[in-house]
Amino acid sequence: MGILDKKLSLRNRSKMLIGVWEDEDQLVAAASELAHAGVHIHDIYTPYPVHGLDRIIGARRSKLARIAFFCAITGLTLMTTMIWYMYVHDWPMNIGNKPVRFTPSWAPVMFEGTVLCTAFGMSFFFFWRNRLVHGIKNEMLDIRQTDDRMIVAIETVSGMDEKSVLSIMKNGGAVEMREFENGVQTVI
Amino acid sequence: MIHDSILRDRLVTGDKSASDVTRDIARPILNNPSTAWKIGFTLSLVFLGIFGVSLLYTLYTGIGVWNINKSVMWGWDITNFVFWVGIGHAGTLISAVLLLFRQKWRMSINRSAEAMTIFAVICAAMFPVFHMGRVWVGYWALPLPNAFGSLWVNFNSPLLWDVFAISTYFSVSLLFWYIGLIPDIATIRDKVKSKLGKNMYGFFSMGWTGSTRTWARYELVSLILAGLSTPLVLSVHTIVSTDFATSVIPGWHTTIFPPYFVAGAIFSGFGMVATLLVVARKVMNYENYITIGHLDAMTRIIMVTGTIVGIAYLTEFFIAWYSGNIYEQYAFTNRAFGPYWWAYWSMMSCNLIAPQVFWFKWARTTPWFIFIMSIVVNVGMWFERFVIIVTSLHRDYLPSSWVMYSGSLTEIGLFLGTFGIFFTCFFLFAKFLPVINMAELKSILRNRE
């Protein structure tokens, strides 16, 4: 699997059902009911983080913490090597006749380098994995999904009972329901 | 089952909905600038001009236009450096440490505090950079091969640690701030009408859609960045304190400096946050978002950190006496009762005595009074750095080199000018970016337990 999460793009989705919610609690309950009914929720778009939705849509736990640790080890190694090369190997400096070898006075520079490498390395992976690129075309299903509406996008597969899905959505508090087909949305 | 709290006060008052939050917070960005903004911005530009003139004069004539001399080789410049770096620290503290402690009240103030960090670090960096004198060879402070003109840098020197610490701190703070801004920039992108605005906010929102998968990773990345920033902020001011503490100058050579400086930084930073937010909540009509409860919480922190700093002042005095070292004892007696007594007692009054007024609820909940007190705190913290630097240097081991020092007009101009840099940046930020984190705030509109 590449680093980019392909599930985030709507480009290959030809047909979907879309539900719009106003209330966070109703959304969580309805999404949970849909997931229990075996409906495949492609994604849920919210203006703020709603906890628990990632588990409902079956998103796997992120590996970002491991990547951060890897970046930290890389940063630490790079900085230690850099100081050793400059300070011990290439041009040992005699300052006050103090020994030129590994000392605790290296720690601040090693620490700062580790933090810098971790923060930027991890953030770079975060941007890449989440398709966050400067100037990219944003694939919005509803202009209000960054304001006050919560959008559930359901992938329609052959054999899916659309009527029962729509009924769960309606009973679960969806204020609007739409069909998405080849980039065009029709109100149901 | 989720319940709304009946015990805690609401963090956002006025019964606001998510769309109200967007409308209220985005209003200054979507509308034309107000008269108050125009006046404030023009005034900031005037101060920025003062900075420009003072800096050009310094560069053209040389560092001799400052009153620093062979005894007091650090004067207003390093005082201002430590002052601004200290102010910057509260931003990271609010966003990172309070996030780790799950303090939701931070959500109304973290954005502007982080912005304050970045602008304050820019102001701070001006002083050591231009104190180099030959600023065009400033890159010698970086670890570059000998062929570039200098030897490899000295990794045993706290001044070099500072180069790494301040640059890392600035970069990581900027990254943390920007990642926090992305969802809100996307909100503005979807609200703004002009084509230029759509393109600009579209470019910086990086195609944000608010996907659940992205939100889950976004929260994790924020948490890890907060975890990184917390030791980072402690390390930065610790390193700044070692610029002094690793020397053998009486008054500087003390192991209490790192915690004492960090507490002072938090204290002064919260002072500046209070100054900015008391005004911003009134001028921008954000009283429902930055409530009296927020001011109350900030003033409690000011009181606690002010008391910690005060205890550090007294401990220094005690240790000077207890050490039996006559030079150390003289340095502190000279601080309190020597020619700079007025600076020492200004520091004590503003930092230790004045914040004790926050034991009273009225003082913690009256905005105009908090504003005055926040200025007092900042004045006190500037004097603290002046006292540490100047009173320790002006009388050293050799009485023949004892001198008096006061800032020249150029030094004063540079200091006032940094307020121009700071406020110009802050006014631009308030006009073009949301001052309050809309996305986070929307998640706490209901008072959940």
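What you are looking at is a predicted structure, and each value in this text was computed from that prediction instead of being measured. Convention: sequence-line order gives letters A, B, ...; per-chain numbering from 1.
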Subject >> Evaluation steps, side chain to side chain contact (heavy atoms under 4.5 Å, CB included), between B:F155 and A:M82 >> reply: CA-CA 11 Å; B:F155 289 97; A:M82 183 188 85; 3.9 Å; yes
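- Contact of A:T114 with chain B is not made at all, since no heavy-atom distance falls under 4.5 Å.
- The minimum heavy-atom distance between B:V172 and A:F120, with the atom names listed, is N-CE1, 4.3 Å.
- Chosen from A:T103, A:I57, A:V50, the residue pairing most often with chain B at heavy-atom distances under 4.5 Å is A:I57.
- Relative ring orientation between B:F204 and A:H134 is described as perpendicular, the plane-to-plane angle rising above 60° on a 0-90° scale split at 30° and 60°.
- Ranked by non-hydrogen atom pairs under 4.5 Å with chain A, the options B:G227, B:P183, B:A165, B:A216 are led by B:A165.
- Heavy-atom distances place no part of B:F170 under 4.5 Å from chain A, backbone and side chain included.
- Put simply, of B:L441, B:L220, B:T242, the one with the most heavy-atom pairs under 4.5 Å next to chain A is B:L220.
- If you take OG on B:S211 and CG on A:L132, they are separated by 9.5 Å, rounding to the nearest 0.5 Å.
- B:A439 approaches A:P49 most closely through the heavy-atom pair O-CD, 4.5 Å.
- Between B:T209 and A:E139, the shortest heavy-atom contact is CG2-O, 3.4 Å.
- Residue pairs meeting the salt bridge (Lys or Arg N to Asp or Glu O under 4.0 Å) criterion with at least one member in residues 86-96 of chain A, sequence neighbours excluded, do not occur.
- Heavy-atom distances place both the backbone and the side chain of B:N154 under 4.5 Å from chain A.
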Subject >> A:D148 and B:S17: CA distance, side-chain angles, deciding distance, side chain to side chain contact (heavy atoms under 4.5 Å, CB included) verdict >> reply: CA-CA 8 Å; A:D148 63 340; B:S17 68; 6.0 Å; no
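- Both the backbone and the side chain of B:L225 come within contact range of chain A, with heavy atoms under 4.5 Å apart.
- Counting heavy-atom pairs closer than 4.5 Å to chain B, the top residue among A:K137, A:H51, A:R131 is A:H51.
- Put simply, of B:S167, B:S171, B:P158, B:G202, the one with the most heavy-atom pairs under 4.5 Å next to chain A is B:S171.
- For NZ of B:K191, the number of neighbouring non-hydrogen atoms (other residues, nucleotides, ligands) closer than 6.0 Å is 12 at most.
- The candidate from A:S62, A:P104, A:P108, A:A72 with the greatest count of non-hydrogen atom pairs under 4.5 Å with chain B is A:P108.
- Considering CZ of A:F111 and CG of B:L234, their distance stands at 8.5 Å, rounded to 0.5 Å.
- Top candidate by heavy-atom pairs under 4.5 Å with chain B, chosen from A:A119, A:G113, A:A59, is A:A119.
- To the nearest 0.5 Å, atom CD1 of residue B:I182 and atom CZ of residue A:F127 are 4.0 Å apart.
- Side-chain polar atoms of A:N130 and B:Y218 form no donor-acceptor pair below 3.5 angstrom.
- A:M93 has its side chain out of reach of B:V153: every pair of non-hydrogen atoms, C-beta onward, lies at least 4.5 Å apart.
- Residue A:M110 does not touch chain B at all, counting heavy-atom pairs closer than 4.5 Å.
- Side-chain N or O atoms of B:S443 include none that pairs as donor or acceptor with a backbone N or O of A:Y48 at under 3.5 Å.
- For a residue to count as touching a neighbouring chain, one of its non-hydrogen atoms must lie under 4.5 Å from one of that chain's; by this rule A:A65 touches chain B with backbone and side chain alike.
- Counting only heavy atoms from C-beta outward, the side chains of B:N156 and A:I95 never approach each other to under 4.5 Å.
- B:L232 touches chain A through backbone and side chain together, each having a heavy atom under 4.5 Å away.
- By the neighbour-count criterion of 12 heavy atoms within 6.0 Å, atom CE of B:M200 is sparsely surrounded, having that number or fewer from other residues, nucleotides or ligands.
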Original post:
Yes or no on side-chain hydrogen bond (donor to acceptor under 3.5 Å, both in side chains) for A:E112 and B:S235, after CA distance, side-chain angles and deciding distance?
Top reply: CA-CA 8 Å; A:E112 302 298 335; B:S235 81; 2.7 Å; yes
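- Rounded to the nearest 0.5 angstrom, A:C117 SG and B:L228 CG are separated by 11.0 Å.
- Closest heavy-atom contact between B:L175 and A:S123: CD2-OG, 3.2 Å.
- Taking both residues in full, the closest heavy atoms of A:T146 and B:T187 are given as O-OG1, 2.9 Å, listed atom of the first, atom of the second, then distance.
- To the nearest 0.5 Å, atom CG of residue A:L53 and atom OG1 of residue B:T212 are 4.5 Å apart.
- Neither the backbone nor the side chain of B:R23 comes within contact range of chain A; no heavy atom of the residue lies under 4.5 Å from a heavy atom of that chain.
- The number of heavy-atom neighbours closer than 6.0 Å to CZ of A:F70, taken from other residues, nucleotides and ligands shown, is 12 or below.
- With a 4.5 angstrom heavy-atom cutoff, B:P231 touches chain A via backbone and side-chain atoms both.
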**OP:** For the pair A:S105 and B:W161, evaluate side chain to side chain contact (heavy atoms under 4.5 Å, CB included) and give the outcome as yes or no after the intermediate values.
**Re:** CA-CA 9 Å; A:S105 62; B:W161 304 346; 3.8 Å; yes
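- If you measure heavy-atom distances from A:F69 to chain B, you find no contacts under 4.5 Å at all.
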**OP:** Walk me through it: do A:D54 and B:W215 pass the test side chain to side chain contact (heavy atoms under 4.5 Å, CB included)?
**Re:** CA-CA 9 Å; A:D54 51 333; B:W215 270 125; over 6 Å; no
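- In this structure, B:R213 CZ and A:H42 NE2 are separated by 7.0 Å, a value rounded to the nearest 0.5 Å.
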